[in-house]
Amino acid sequence: MYRPLVGRATRFSDNNPMPSSAVSAPIVSTAAPLAAVDVDLIIVPWFEDEAPSAVAGLDRAVGDEITRALTSKEFAARPYDSFAAGVVDGTWKARRILLVGAGRLAAYDTALARRVATVGALAARQRRVARVGFLLRPGRADPAGDYDLAGFMQAVVEGITLADFTAGVYKTGDQAPAAAETTVVLSALNDTSPESQPRIDAALARGRVLGDCSNLARDLANEPGNTLTPREFAARTAAIASSGGAAVEVLDEREIEALGMGLLLGVARGSSEPPRLIVFRHDPPGAPPGPILGLVGKGITFDTGGISIKPADGMERMKDDMAGGAAVACAMRAISMLRAPIRVIGVVPASENMPGGRAIKPGDVLRSAEGKTVEVINTDAEGRLILGDGLWYARKLGATHLIDVATLTGAIVVALGKVTSGIFGTPESWVEQVRRVADRAGDRVWPLPIFDEYAEQLKSDIADMINTGGRPAGSITAAMFLKEFSGGLPWVHMDIAGTAWAEEARPYLPKGPSGVAVRTLAELPFTVDSWPR
Ligand code: BES
Ligand code: MN
Ligand code: ZN
């Protein structure tokens, strides 16, 4: 679990005020020379193509250990490799350094910098280092000789913060090591002029918020289905978003019924836990009337498949079927904390998908709030059902640009594996906009087509459409289903079924929830000037 920002959910379910966003182990910056930075360990990203002398004074401080390790090829600076050495120069405050491989300088962008920072911070945490220094190395200068200092600062602070997440919250033995107090060191740069210092510190704060909010979403996705019911999910996300400054409203089953949300109610029928519709609003003073961004997230707190029940093997993973909804809620927190310049609406339909005695059955027909009827062929295709009503509600609240995020299809894992989320949508310029933002936020995405011909696969004999298009192009037909509820607005669907959860640990991402899409959603409103209108 990630503790600093919020406590246990039961605390917010009543009327207790949320703890503030004070973080226990702060991140600060300094322009002091490396030798003077008073920490236990200094982490230094290291490039493949550079000489041991690339960071002034460093090799000498460790008794030429860098020269030795590079010459012997013990350390080749490939991404995520690491090399530790002790400081022998008594005039240095730090006792140890840790080089983290950063690959070739020419290929070092903010996405890689973020990951390198996570690798370094995770290593420091495993070693239970209390005070860490991190040398900021902002890649290669642009043709004008400038560095993207703020961009790299934000990315490394995100990366350092992402290392604070702990999965084993229900372990009763030794506690996981605490996060280190971290000082980002700017002194290896030529440009630490006083003009840029406020911008760099703003980037630090921004990276901290985005990293924190990603970790909060990971906490939610990690939470088991027995503790995170739709009601509890609503209470926790409401606390998370409202303590960041967003307005939150939670609609109960009666209000959902009054809105006519037959798709959400249909999915919820098989469970004894009632559904919730969680609505977030960021309405900054002085914001223009439009555009209004509408974020919609899938909030299935557990997906058994319903009557079309899933096989037992691996079903426990379906506790994270609310990762899209968590991303929306935690992005709303970030959006409010960072004071995005436009209005943003978040809508998260939340339900269990269970095979109870009153559950919907294959062949049942449901009526959506919009009026369209759906023949349910497979009750395990529940995400698109609740999102259909969610997209309609975001439009009803005035959204002009839509993006939905969902652990929607196993087929996206077949298409893109566990590395890349699928994106779908219209018009192309809106898809491209989301793609650019996601690239920079470190969420890998790739577009797939939604040609009209695929809609053939959703034809029903009895209703307006069926809810599954069969095996071919399973992720695309799921997107085509959602498109029916986008009302012709600019709309992007992000399928995160392959990326929300890491089945195998990677150097920069431990096993478990990834927090995918939080930073993309949170950054999107800040790019409004280049949106399609
Ligand atoms: N939540 C699942 C999708 C999923 C699969 C997420 C694997 C994460 C990992 C979704 O509700 C689902 O069950 N989809 C079905 C759709 C099918 C019945 C058309 C699927 O992908 O099998
Ligand atoms: Mn399902
Ligand atoms: Zn599902």
Side-chain angles (χ1 to χ4, degrees), residues 221-222 225 228 230 233 263-264 266-271 275 296-327 348-355 359-364 366 374-390 404-422 424 448 454 457-458 460 465-482 493-504 511-514 516-517:
N222 197 40
L228 201 75
F233 184 43
L263 301 182
L264 175 56
V267 170
R269 277 183 69 88
S271 173
V296 182
K298 174 175 174 181
I300 295 291
T301 59
F302 196 87
D303 182 11
T304 67
I307 295 299
S308 314
I309 196 160
K310 289 179 181 295
D313 206 27
M315 202 205 274
E316 70 282 356
R317 256 291 313 286
M318 287 301 123
K319 70 176 185 178
D320 85 334
D321 213 17
M322 33 50 69
V348 177
S351 174
E352 287 188 334
N353 186 23
M354 296 284 284
I360 50 166
K361 304 165 289 295
D364 285 3
L366 303 176
V374 179
E375 181 187 5
V376 177
I377 298 299
N378 190 321
T379 66
D380 198 9
E382 84 297 341
R384 64 197 76 182
L385 295 175
I386 68 167
L387 288 169
D389 279 341
D404 76 74
V405 183
T407 46
L408 203 63
T409 65
I412 202 68
V413 191
V414 177
L416 298 173
K418 310 270 308 163
V419 172
T420 310
S421 305
F424 310 77
L448 288 167
Y454 289 110
Q457 287 172 245
L458 294 175
S460 166
M465 51 187 159
I466 56 175
N467 76 327
T468 63
R471 280 179 63 81
S475 303
I476 293 175
T477 52
M480 296 295 286
F481 183 96
L482 295 178
H493 158 59
M494 200 167 161
D495 193 337
I496 58 168
T499 49
W501 193 273
E503 227 97 48
E504 272 160 36
K511 249 166 111 164
S514 65
V516 65

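Note that this is a predicted model, so its numbers are computed, not measured. In listed order, ligands and their atoms are each counted from 1.
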Task: the Zn ion (ligand 3): protein N, O or S atoms [distance under 2.8 Å] - done: K298 NZ, D303 OD2, D321 OD2, E382 OE2
TODO: May I ask you to test the P362-S308 pair for a side-chain heavy-atom distance under 4.5 Å?
DONE: yes
- [ ] Identify the two heavy atoms, one from E352 and one from P230, that lie closest to each other, and give their separation to 0.1 Å.
- [x] N-CG, 3.7 Å
TODO: Could you check if a side-chain atom of D495 sits within less than 4.5 angstrom of a side-chain atom of S421, using non-hydrogen atoms only?
DONE: no
For ligand 1, list every N/O pair with the protein closer than 3.5 Å, one pair per line with the distance.
from	atom 1	to	atom 2	distance (Å)
ligand 1	1 (N)	K298	NZ	3.3
ligand 1	1 (N)	D303	OD2	3.2
ligand 1	1 (N)	D321	OD1	2.9
ligand 1	1 (N)	D321	OD2	3.0
ligand 1	1 (N)	T407	O	3.3
ligand 1	11 (O)	K298	NZ	3.1
ligand 1	11 (O)	D303	OD2	2.9
ligand 1	11 (O)	D380	O	3.1
ligand 1	11 (O)	E382	OE1	2.8
ligand 1	11 (O)	E382	OE2	2.9
ligand 1	13 (O)	K310	NZ	2.8
ligand 1	13 (O)	D380	O	3.0
ligand 1	13 (O)	D380	OD1	2.7
ligand 1	13 (O)	D380	OD2	3.1
ligand 1	14 (N)	L408	O	3.4
ligand 1	21 (O)	G410	N	2.6

Open item on the list: For the Mn ion (ligand 2), what is the number of protein N, O or S atoms at a distance under 2.8 Å?
Closed with: 4
- [ ] Just jot down the ring-ring contact (aromatic ring centres under 6.0 Å, His included) partners of F302, sequence neighbours excluded, or say none.
- [x] none
TODO: Report yes if some heavy atom in the side chain of F481 is under 4.5 Å from a heavy atom in the side chain of V374; otherwise report no.
DONE: yes
Task: Residue pair H493 / L408, side-chain heavy-atom distance below 4.5 Å - done: yes
- [ ] Quick one: closest heavy-atom pair of S514 and T499, and the distance?
- [x] OG-O, 2.7 Å
- [ ] Could you give me the CA-CA distance, side-chain angles and deciding distance for D321 and E382, then say whether side-chain contact (heavy atoms from CB on, under 4.5 Å) is met?
- [x] CA-CA 11 Å; D321 213 17; E382 84 297 341; 3.0 Å; yes
Open item on the list: Counting C-beta onward and ignoring hydrogens, is there a side-chain heavy-atom pair between V267 and P275 closer than 4.5 Å?
Closed with: no
- [ ] Please say which of L458, I377, L263, D380 ends up in a side-chain contact (heavy atoms from CB on, under 4.5 Å) with N467.
- [x] I377
Task: Pairwise side-chain contact, T407 with W501, heavy-atom cut-off 4.5 Å (strictly under) - done: no
Task: Side-chain touch S351/L264, heavy atoms, less than 4.5 angstrom - done: yes
Open item on the list: Is the shortest side-chain heavy-atom distance between V413 and K418 below 4.5 Å?
Closed with: yes
